[in-house]
> 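Have a look at this one.
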Amino acid sequence: MPRGFSTRAIHTGEAPDPATGAHATPIYQTATFAFETSRAKDEAVEAGMSWQGGFFYSRTGNPTTAALEAKLADLEGAEDAVVGASGMAALSTTLLSLLQAGDHLVSPADLFVITRFLVEQDLPRRGVQVTSVDTTDLEAVRAALRPETRVLLTESVSNPHMLVADVPALAELAAGHGALLVVDNTFLTPFLLRPLEHGADLVVHSATKYLAGHGDALAGVVAGPKRLLDPVRWELDVHGSCASPFNAWLVLRGVRTLGLRLQAHCANALALAQFLDGRPEVDWVRYPGLDGHPQHALARRLLGERFGGMLSFRLRGGEPELRAFADALRLSAIAVSLGDLSTLVYPQPKRDCLIRVSVGCEDIADLFEDFERGLAAVRDR
């Protein structure tokens, strides 16, 4: 019988260490690997450079990282996965492996800011043409695709405005134009959505976020068919963007509880979105699980009854109220990351004056109290 998601999150890629019997996967904290003979070294290098599992230098391959790659490939339903030093390492090496001078990329208008730097500043100086569109507008996407378009990039839920991508429709559009669909699925994780099952060609995550889950490690991953991932591995190797064995181990530890954590993140985020929705201090709330979200029906079709742990909202008074709210919080931290067990609030005065919230796994009554404290500070201005 096929095993369930959480069973695979715990067990895939891991087994007792053959050298010691250690039940937990070891941290192979080594730069290089030693061999009994020169011929054994040659065989390991040849296997490693053809991505067949040989270990000779940890920039190219490491057993701890390989265990994580096997686990994440299984959870994504992918043939293979490649782990890098950060989410941006995974995304940038993916796009560099797919695009060259003269090619064209279609990218979302609502996009993580560092990804925006990559696609709007770095890729054009390499000769790649980029068109940014609202990827929730399928006709706009269709109009942006050209004969030289090689990649259509999207975020499954956009950062920071929480727009939901119609992954099956985008996959159909990309395939019809001979392009590849690359989906950044950081906000949802494979527990909620597996884009490859909906026609995407590659899926990327900042593993720093929900996959690691504890705010203590940097890593990224891209998953998909081996024919597309071997060039990504080459880019990752030559650019030196490998994950450290220790960070790979931390993510490996975190993924084991992904299903448990996401259930709490989703439940708390829905409750907090409903708490904020309709409050007189709040201009709007954007969460895919709310009936008023512009893609709520699409989110329900793709995700079922769980909609992720991310939301954004805007207070009516703009920047002064944004700062009053955020500065009054005591339980939630003002921070730029997401996917942590604890709630992180990211005020963005230069981006619509919205407040992005990564809702954690605290008791919901305590989050209500903390956010009520922030709203009281807004009323008291």
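All figures in this text were calculated on a predicted structure; none of them were measured in a lab.
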> How far apart are the closest heavy atoms of T64 and P26, and which atoms are they?
OG1-O, 2.9 Å
> Should L262 and M162 be counted in the same cluster of Ile, Leu, Val, Met, Phe, Trp and Tyr side chains packed under 4.5 Å apart?
yes
> How far apart are the C-alpha atoms of F191 and F5, what are their side-chain angles, what is the distance that settles it, and do they pass the ring-ring contact (aromatic ring centres under 6.0 Å, His included) test?
CA-CA 7 Å; F191 181 71; F5 184 92; 5.3 Å; yes
> Can you measure from CD1 (I364) to CD (E369) and round to the nearest 0.5 angstrom?
12.0 Å
> Has N268 got a side-chain atom pairing as donor or acceptor with G360's backbone, closer than 3.5 angstrom?
yes
> Do any N or O atoms from the side chain of R261 and from the backbone of Y210 form a donor-acceptor pair under 3.5 angstrom?
yes
> Given Y28 and D17, is the side-chain hydrogen bond (donor to acceptor under 3.5 Å, both in side chains) satisfied, shown in steps?
CA-CA 11 Å; Y28 289 91; D17 179 47; 2.9 Å; yes
> Tell me if a side-chain donor or acceptor on K71 pairs with a main-chain N or O of G13 at a distance below 3.5 Å.
no
> To check you understand the geometry: which heavy-atom pair defines the closest contact between A217 and T208, and what is its length?
O-CG2, 3.1 Å
> Does atom CD (Q29) have a neighbourhood of more than 12 heavy atoms from anything else shown, all under 6.0 Å?
yes
> Looking at the rings of H293 and Y287, which for Trp means the six-membered one, are their centres under 6.0 Å apart?
no
> More than 12 heavy atoms of other residues, nucleotides or ligands under 6.0 Å from CZ of R379: yes or no?
yes
> For the CG atom of L193 and the OG atom of S156, what is their distance to the nearest 0.5 Å?
6.0 Å
> Count the heavy atoms belonging to other residues, nucleotides or ligands that lie under 6.0 Å from CD of Q348, then report whether that count exceeds 12.
yes
> Out of curiosity, T65 OG1 to N247 CG, how far, rounded to the nearest 0.5 Å?
9.5 Å
> Give a yes or no on whether the backbone of S50 and the side-chain of Q52 come within a donor-acceptor separation of less than 3.5 Å.
yes
> Begin from the C-alpha positions of H104 and T131 and carry the test side-chain hydrogen bond (donor to acceptor under 3.5 Å, both in side chains) through to its verdict.
CA-CA 8 Å; H104 178 240; T131 301; 2.7 Å; yes
> Tell me if a side-chain donor or acceptor on K209 pairs with a main-chain N or O of T186 at a distance below 3.5 Å.
no
> Just to verify, what does R323 make a side chain to side chain donor-acceptor pair (under 3.5 Å) with, not counting sequence neighbours?
E319
> Is it true that L196 and V167 fall in one hydrophobic cluster, defined by side-chain heavy atoms closer than 4.5 Å?
no
> Could you state the interatomic distance from CG (D134) to NE2 (H161), rounded to the nearest 0.5 Å?
11.0 Å
> Answer yes when D110 and R351 have at least one side-chain N-carboxylate O distance shorter than 4.0 Å, and no when they do not.
yes
> Could you tell me whether a side-chain N or O of S158 sits under 3.5 Å from a main-chain N or O of E155, the two making a donor and an acceptor?
no
> Is a donor on one side and an acceptor on the other found under 3.5 Å between the side chain of R8 and the backbone of R3?
yes
> Between F368 and F275, is the gap from one ring center to the other below 6.0 Å?
yes
> List the steps, then state whether side chain to side chain contact (heavy atoms under 4.5 Å, CB included) holds for T60 with W51.
CA-CA 9 Å; T60 303; W51 322 122; 3.5 Å; yes
> Hey, are E281 and R316 close enough for a salt bridge, meaning a charged N less than 4.0 Å from a carboxylate O?
no
> Identify whether V251 and L258 are in the same connected component of the hydrophobic contact network (ILVMFWY, side-chain heavy atoms under 4.5 Å).
yes
> What heavy-atom pair brings L202 and G224 nearest, and what distance separates the two atoms?
CD2-CA, 3.9 Å
> Using side chain to side chain contact (heavy atoms under 4.5 Å, CB included), reason through V203 and V222 one step at a time and then give a plain yes or no.
CA-CA 6 Å; V203 58; V222 52; over 6 Å; no
> Kindly determine whether E362 and S342 satisfy side-chain hydrogen bond (donor to acceptor under 3.5 Å, both in side chains), including the steps that lead there.
CA-CA 7 Å; E362 299 93 342; S342 60; 4.9 Å; no
> Roughly how far, to the nearest 0.5 Å, is CG of D122 from CD1 of I114?
12.0 Å
> So, R330 and D370, do they make that salt bridge, N to O below 4.0 Å?
no
> Please report the shortest heavy-atom distance between V119 and V130, naming the atom on each side.
O-CG2, 3.0 Å
> Please assess V285 against L290 for the test side chain to side chain contact (heavy atoms under 4.5 Å, CB included), listing each intermediate value before the final yes or no.
CA-CA 9 Å; V285 182; L290 293 177; 3.9 Å; yes
> Search all heavy atoms of S132 against all heavy atoms of A109 and return the closest pair with its distance.
CB-CA, 4.4 Å
> Tell me if a side-chain donor or acceptor on T149 pairs with a main-chain N or O of L145 at a distance below 3.5 Å.
no
> Please determine whether a side-chain nitrogen of the Lys or Arg among D277 and R286 lies less than 4.0 Å from a carboxylate oxygen of the Asp or Glu.
no
> Quick check for you: to the nearest 0.5 Å, what is the distance between D74 atom CG and E69 atom CD?
13.5 Å
> I need the minimum non-hydrogen distance between A324 and A377, along with the two atoms involved.
O-CB, 3.6 Å
> Is D137 reaching over with its side chain to a backbone N or O of A140, donor-acceptor style, under 3.5 angstrom?
yes
> Kindly check if the number of other-residue, nucleotide or ligand heavy atoms within 6.0 Å of CZ (F35) is above 12?
yes
> Give the C-alpha distance, both sets of side-chain angles, the deciding distance and a yes or no for side chain to side chain contact (heavy atoms under 4.5 Å, CB included) between R59 and D237.
CA-CA 6 Å; R59 186 194 64 242; D237 198 5; 2.5 Å; yes
> Sub-3.5 Å donor-acceptor pair from the side chain of H214 to the main-chain atoms of A212, do we have one?
yes
> I'd like to know if R227 pairs up with E79 as an ion pair, taking the criterion as any Lys NZ or Arg NE/NH1/NH2 lying under 4.0 Å from an Asp or Glu carboxylate oxygen.
no
> So, N185 and R194: side-chain donor and acceptor under 3.5 Å apart, yes or no?
no
> Hydrophobic clustering (ILVMFWY, side-chain heavy atoms < 4.5 Å, transitive) - are V182 and V221 grouped together?
no
> Out of L96, L95, D103, which one pairs with R126 under the side-chain contact (heavy atoms from CB on, under 4.5 Å) rule?
L96
> Report yes or no: is the cationic atom of R373 (NZ for Lys, CZ for Arg) under 6.0 Å from the centre of the six-membered ring of F371, at an angle within 45° of the ring normal?
no
> For T25 and E14, test the side chains for any donor-to-acceptor distance below 3.5 angstrom and give the result as yes or no.
yes
> Is it true that R279 and E372 have a side-chain N and a carboxylate O under 4.0 angstrom from each other?
yes
> Strictly below 4.0 Å, N to O, side chains only: are D80 and R233 in salt-bridge contact?
yes
> Please confirm whether F307 and H296 have ring centers closer than 6.0 angstrom.
yes
> Side chains of T93 and H239: do they bring a donor and an acceptor to under 3.5 Å?
no
> Quick check: F313 with F325 (ring centres under 6.0 Å apart)?
yes
> Spell out, yes or no, whether F112 and L354 are grouped together once hydrophobic residues are joined by side-chain heavy atoms under 4.5 Å, including indirect joins.
no
